[in-house]
Amino acid sequence: MKKITLVFLFSTFSLFAQNSDTSCDILLKINKLLQQEHFSPKPVNDSLSAYLFDELFDKLDPSRSIFLKSQVDTLSKKYRLNLDDLILKRNCSFVTAIKNEYRKALLRNRSIFEKLNHEALNFDIKDTIRFKQKDFDFHLQANNVEKALNKKIRYEVLSDVAEKSKNLDSLKLNFNSMSLNSKKDIIENELCKINFLLSDEKSFEDNVFNIFCNYFDPHTNYFSNDTKSSFVSTLSKEKLSLGLDVSLNEKNEIIVEEIDPNGPAFKTGKIKKGDQIIAVSNQKETLEVSCSSLESIATLMSSELNTNITLTIKRNSGKSFKVNIEKQVLKDQENTVYSFIIDKDIKIGYIKIPSFYTNFEGGNSKGCAQDVAKETLKLMKDNIKGLVLDLTDNGGGSMEEAVKLAGLFIDYGPISIVADNKRQLSVINDPYRGVIYKGPLGVIIINGNSASASEFCASIMQDYNRALLIGSTSLGKATMQTIVPLEKDDDQHFVKLTISKFYRITGKSHQAVGVIPDVQIPTIYQDIFQKESDFPTALKNESLNTRIRFTPYVTNTFIESLAEKSRERVAQSPFFNSIIALNSKIDTILKKSKFEIPMTLAAVFESQKSINDLSEEINNFKTDDLNLDVSNSEYNKSLLEMYPSLIEYNKMQLDNLKSNHYLNEAIAIIADYKTLKQNKTN
């Protein structure tokens with residue numbers, strides 16, 4: 001055993017002995033690029049130094065269970081306000097110094113966990129554990145580490161056991177045997193995580209590079225070739241894929257959620273829905289799921305550079321087995337525009353736009369805007385009298401596609417103002433004369449996860465009074481990014497950097513404040529969605545003095561009349577009032593600044609129970625059976641006959657819409673529009 005340990009230490013030491021000059025070279029190249037190209041470059045000074053130092057330690061030790069207070073204090077005095085000077089002097093010895101202290105802390109913890117693995121835990125000690133919602137200081141003392149880690153393991157064992165049953169008496173009766181099994185699994189997992197951190201050759205430097213970029217704004221990031229490939233693949237509806245969807249369960253285990261019957265995973269005949277993925281390999285490296293970061297696993301699985309993936313699968317309590325899968329190009333159903341017709345007195349078209357994907361290989365036939373145009377034409381053939389665009393949970397994507405899409409519904413004129421890093425303003429005009437859909441005012445649904453390109457489109461339609469916006473306030477990102485290599489011909493290091501900021505044609509901006517709907521409708525979790533304003537380095541909101549002329553489709557008074565009727569319905573809706581009550585319960589639990597519970601099975605059980613009960617209430621939260629009359633367009637019906645493999649996914653989409661209260665309110669708004677128009681005519 002000692003021999004294995006020594007071999008492991010020598011094999012991992014290379015991580016902490018790399019030449020720091022390389023780190024400095026990359027940081028200086030990143031800084032040069034950002035100073036030249038970033039929308040709002042910042043000087044490399046004490047402010048950057050403090051941000052880089054603090055964020056790095058938050059990233060390395062978010063739970064404050066690794067570094068000693070004395071380690072952090074010593075490094076802080078030496079580096080916290082000096083990193084800027086050292087970087088500019090090409091002296092990145094601080095990287096090695098912090099790495100070495102990190103290594104010491106990890107090895108110390110590993111030694112303690114190994115010791116605890118052979119000792120009995122005393123659950124009769126009277127103790128409490130405190131949780132804090134906000135950031136907290138480093139407090140770990142050298143003479144208290146073992147006690148702190150012992151307490152950490154005891155709590156995790158209590159928490160794990162408490163999850164095993166809803167019967168507290170049964171848990172108490174079987175606690176001794178259950179706690180031994182839990183302790184074994186938890187400590188093995190802790191050791192696995194530490195060994196992964198010690199052997200990870202890239203993430204430390206990548207963290208430094210990425211935090212340096214984030215200082216300029218939260219959307220400026222450092223990309224390795226792998227992470228760049230993964231990011232770009234998210235902006236496409238057709239990509240190299242394993243052909244399966246995964247999800248995280250309550251234990252952070254990766255579970256196979258769905259398998260595409262046309263994909264390579266299905267064709268192996270070895271993977272089933274519900275299987276647990278316990279390891280992922282690209283033939284060069286293998287990541288154990290239980291002790292690797294989810295980011296590293298996601299990158300390894302999704303990177304288009306990794307065309308062959310081996311998954312280690314565990315089914316129920318059986319033995320694990322390996323499955324090799326060669327990726328193939330598949331259409332990403334979840335990332336693709338689709339449409340339906342709702343028949344309620346009049347036919348209304350519905351188009352879901354999950355993201356603003358594009359075709360990076362060239363040509364214009366595979367982008368989001370083109371697909372929206374196709375779906376709109378299909379719906380128009382069925383004589384729709386109104387149109388709903390759903391941008392909920394649309395995180396953005398290609399701004400070029402967003403410009404094209406806005407142009408489909410705006411006849412002509414300016415649609416946005418863009419400022420570059422020289423503060424030069426340019427007006428973006430509708431690229432197409434005319435519109436694809438000449439029908440009446442529509443409705444756009446947004447929520448707190450609607451971001452960037454989706455906010456861009458929604459704000460244009462709102463300013464032109466081309467659509468009424470309903471839902472909750474969007475994220476608040478009004479900046480554009482591009483991915484560039486660190487240097488010409490560099491195919492290993494990239495930066496996604498913010499190059500411009502866009503404004504509405506009114507001169508206002510939704511940067512850091514979000515696009516505010518005409519009718520606010522509550523959504524579950526809306527108060528805890530992360531917003532642009534939550535990032536400390538987010539660009540500030542500001543307005544322009546502009547005199548751009550444009551002609552709204554209807555008057556503001558008309559829009560306000562529709563909005564007021566909608567607000568009255570929403571206020572009286574039992575469904576939406578239930579969401580408000582549910583959000584209040586969520587806030588009560590998740591927004592506690594700090595709370596303390598005794599370290600007993602009964603106390604942990606009750607604490608877990610309150611959270612599990614709320615989670616169950618959310619999962620079982622049922623919409624009223626609206627039974628909306630939702631159907632496919634005639635054109636899409638014929639497509640389903642040609643491609644029967646799409647029927648199951650189509651049915652799932654259709655069924656989800658039948659009880660969609662946001663869609664139901666959108667339909668009511670379009671009906672109000674028709675009535676108001678008729679009254680005005682009469």
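- A donor-acceptor pair is defined here as one N or O able to donate and one able to accept, closer than 3.5 Å; such a pair exists between the side chain of Asp61 and the backbone of Ser65.
- With rounding to the nearest 0.5 angstrom, the CD1 atom of Ile586 is 6.5 Å from the CD1 atom of Ile524.
- Residues Thr312 and Thr286 form no side-chain contact, since every pair of their non-hydrogen atoms from C-beta on lies 4.5 Å or further apart.
- A salt bridge is defined here as a Lys NZ or Arg NE, NH1 or NH2 lying under 4.0 Å from an Asp or Glu carboxylate O, and Glu205 with Lys99 meets this definition.
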- Do Asn447 and Ser450 pass the side chain to side chain donor-acceptor pair (under 3.5 Å) test, and can you show the C-alpha distance, the side-chain angles, and the key distance before you say yes or no? CA-CA 5 Å; Asn447 67 359; Ser450 303; 3.3 Å; yes
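- Looking at heavy atoms from C-beta onward, Phe529 lies out of side-chain contact with Leu475 at the 4.5 angstrom threshold.
- Only one option out of Asn210, Val208, Leu83, Leu75 pairs with Leu56 in a side chain to side chain contact (heavy atoms under 4.5 Å, CB included); it is Val208.
- Under the salt bridge (charged side-chain N to carboxylate O under 4.0 Å, His left out) criterion, no residue pair touches residues 276-294, with sequence neighbours excluded.
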- Query: Between Asp73 and Lys78, does a salt bridge (Lys or Arg N to Asp or Glu O under 4.0 Å) hold up when you go through it step by step?
  - Reply: CA-CA 9 Å; Asp73 288 347; Lys78 189 172 183 179; over 6 Å; no
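- Heavy atoms of other residues, nucleotides or ligands lying less than 6.0 angstrom from NZ of Lys151 number more than 12.
- Within the model, atoms CG of Leu34 and CZ of Phe216 stand 5.0 Å from one another, a figure rounded to the nearest 0.5 Å.
- Two residues are said to be in side-chain contact when any heavy atoms from C-beta on lie closer than 4.5 Å; Asn174 and Lys164 fail this criterion.
- Judged by distance alone, the side chain of Asn214 and the main-chain N or O of Thr220 form a donor-acceptor pair under 3.5 Å.
- A donor-acceptor pair is defined here as one N or O able to donate and one able to accept, closer than 3.5 Å; such a pair exists between the side chain of Asn306 and the backbone of Leu300.
- Between Ile309 and Lys327, the closest side-chain pair of non-hydrogen atoms falls below 4.5 Å.
- Side-chain atoms of Thr74 come within 3.5 Å of backbone atoms of Ser70 as a donor-acceptor pair (strictly under, hydrogens ignored).
- Distance check: His38 NE2 to Ile30 CD1 gives 12.5 Å after rounding to the nearest 0.5 Å.
- Taking CD1 of Ile186 as the start and CZ of Arg154 as the end, the distance is 12.5 Å to the nearest 0.5 Å.
- Atom CD of Glu326 has 12 or fewer heavy atoms from other residues, nucleotides or ligands within 6.0 Å.
- Under 4.0 Å is where a charged nitrogen must lie from a carboxylate oxygen, and between Lys184 and Glu188 at least one such pair does.
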- Query: Would Arg80 and Asp54 satisfy salt bridge (Lys or Arg N to Asp or Glu O under 4.0 Å), going step by step from the backbone distance to the final call?
  - Reply: CA-CA 8 Å; Arg80 189 172 183 272; Asp54 293 344; 2.6 Å; yes
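- Using modelled atom types, one side-chain atom of Ser454 and one backbone atom of Asn394 make a donor-acceptor pair closer than 3.5 Å.
- Rounded to the nearest 0.5 Å, atoms CG (Leu60) and CG (Leu197) are 9.0 Å apart.
- Without hydrogens or angle criteria, Glu55 side chain to Ile211 main chain gives no donor-acceptor distance under 3.5 Å.
- Atom CD1 of residue Ile259 and atom CG of residue Asp275 lie 7.0 Å apart, to the nearest 0.5 angstrom.
- Other residues, nucleotides and ligands contribute more than 12 heavy atoms inside 6.0 Å of the OH atom of Tyr155.
- Ring geometry for Phe123 versus Phe175: interplanar angle over 60°, hence perpendicular rather than tilted (30 to 60°).
- Relative ring orientation between Phe57 and Phe67 is described as tilted, the plane-to-plane angle lying within the 30° to 60° band.
- Considering every non-hydrogen atom in both Lys352 and Thr392, the closest pair reads NZ-O, 2.8 Å.
- In this structure, Tyr525 and Ile528 have side chains that are in contact, with non-hydrogen atoms separated by less than 4.5 Å.
- Dense packing is recorded around CD of Glu119, with more than 12 heavy atoms of other residues, nucleotides or ligands lying under 6.0 Å away.
- In this structure a side-chain-to-backbone donor-acceptor pair under 3.5 Å is missing from Lys69 to Asp137.
- Using a 4.5 Å heavy-atom cutoff, the side chains of Asn31 and Ile87 are not in contact.
- Asn656 contributes a side-chain N or O that, together with a main-chain N or O of Met652, makes up a donor-acceptor pair within less than 3.5 Å.
- With sequence neighbours excluded, no residue forms a side chain to side chain donor-acceptor pair (under 3.5 Å) with Ser179.
- Checked by atom type and distance alone, the side chain of Asp534 pairs as donor or acceptor with a backbone atom of Lys531 at under 3.5 Å.
- Residues Ile483 and Phe494 come closest through the heavy atom pair CG2-CB, 4.1 Å.
- The aromatic rings of Tyr215 and Tyr51 lie tilted to each other, with the angle between the two planes from 30° to 60°.
- Lys496 places a side-chain N or O within 3.5 Å of a backbone atom of His219 that can act as its donor or acceptor partner.
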- Task: Apply side chain to side chain donor-acceptor pair (under 3.5 Å) to the pair His139 and Asn144, showing each step before the final yes or no.
- Result: CA-CA 10 Å; His139 60 274; Asn144 204 33; over 6 Å; no
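- The pair Lys166-Glu616 meets the salt-bridge criterion, since a charged nitrogen lies less than 4.0 angstrom from a carboxylate oxygen.
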